[in-house]
Amino acid sequence: MEENYFLQNCSEDSVISCGGNLFNKLSLKERLDLAFTSPYTMKIFSNILRKYAVPDFTDDWFDEGENCEILRVGGKGWQKGKMRIRLTLEFCPDEPAVEDPPASNKPESREPESPLDDIRRMIKEENQ
């Protein structure tokens, strides 16, 4: 059930500058894994979730997930599955990436809108 969404839009050799520190993607992931899997951090999350959200919360929510059922509008009854808590870290650029200009200045050839357009054009030319 392991899924990895950690900085999906960054390559392994990306360098991240944050808070005056420099990290590569792998180094940052290792540090965050250590921080969020420490018993102290897990205890804090568990206590908050027990107090405010799920009174019978267990650490299984972070690992394999907790058995649950969901009933969706328009669905076909209750669907069994597991509920997991995952934290993600993503990079959101301030400006969208600029696309590279076309390789040549030639206008792109326009495809016919229908495969039959060429046939229609040939028939029209023959009838003229």
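Note that the structure is a prediction, hence the values are computed from the model and not measured.
Under a hydrophobic-cluster definition in which Ile, Leu, Val, Met, Phe, Trp and Tyr are linked whenever side-chain heavy atoms come within less than 4.5 Å, directly or via other members, Leu26 and Leu32 are assigned to different clusters. By the rule that hydrophobic residues join a cluster once side-chain heavy atoms approach within less than 4.5 Å of another member, Leu49 and Ile44 end up as members of separate clusters. Ile48 and Phe57 are not part of a single hydrophobic cluster, where members link through side-chain heavy atoms under 4.5 Å apart.
Applying the salt bridge (Lys or Arg N to Asp or Glu O under 4.0 Å) test to residues at least two apart or on different chains, the pairs with a partner in residues 32-57 are Lys29-Asp33.
Between Phe62 and Phe45, the ring planes are tilted. Angles from 30° to 60° get that label.
Scanning both residues, Gly65 and Arg84, for their nearest heavy atoms gives CA-CG, 3.4 Å. Between Ser17 and Leu22, the shortest heavy-atom distance links the atoms CB-CD2, 3.6 Å. Of all heavy-atom pairs between Leu28 and Ile16, the closest is CD2-CD1, 4.3 Å.
A distance-only check finds no donor-acceptor pair linking the side chain of Ser27 to the backbone of Phe23 [under 3.5 Å]. Although no hydrogens or angles enter the test, the distance criterion places a donor-acceptor pair under 3.5 Å between the side chain of Thr41 and the main chain of Ala35.
Rounded to the nearest 0.5 angstrom, Glu64 CD and Thr58 OG1 are separated by 11.5 Å.
More than 12 heavy atoms of other residues, nucleotides or ligands shown are found within 6.0 angstrom of CE on Met42.
Residues satisfying the side-chain hydrogen bond (donor to acceptor under 3.5 Å, both in side chains) test with Gln79, not counting sequence neighbours, are Arg72.
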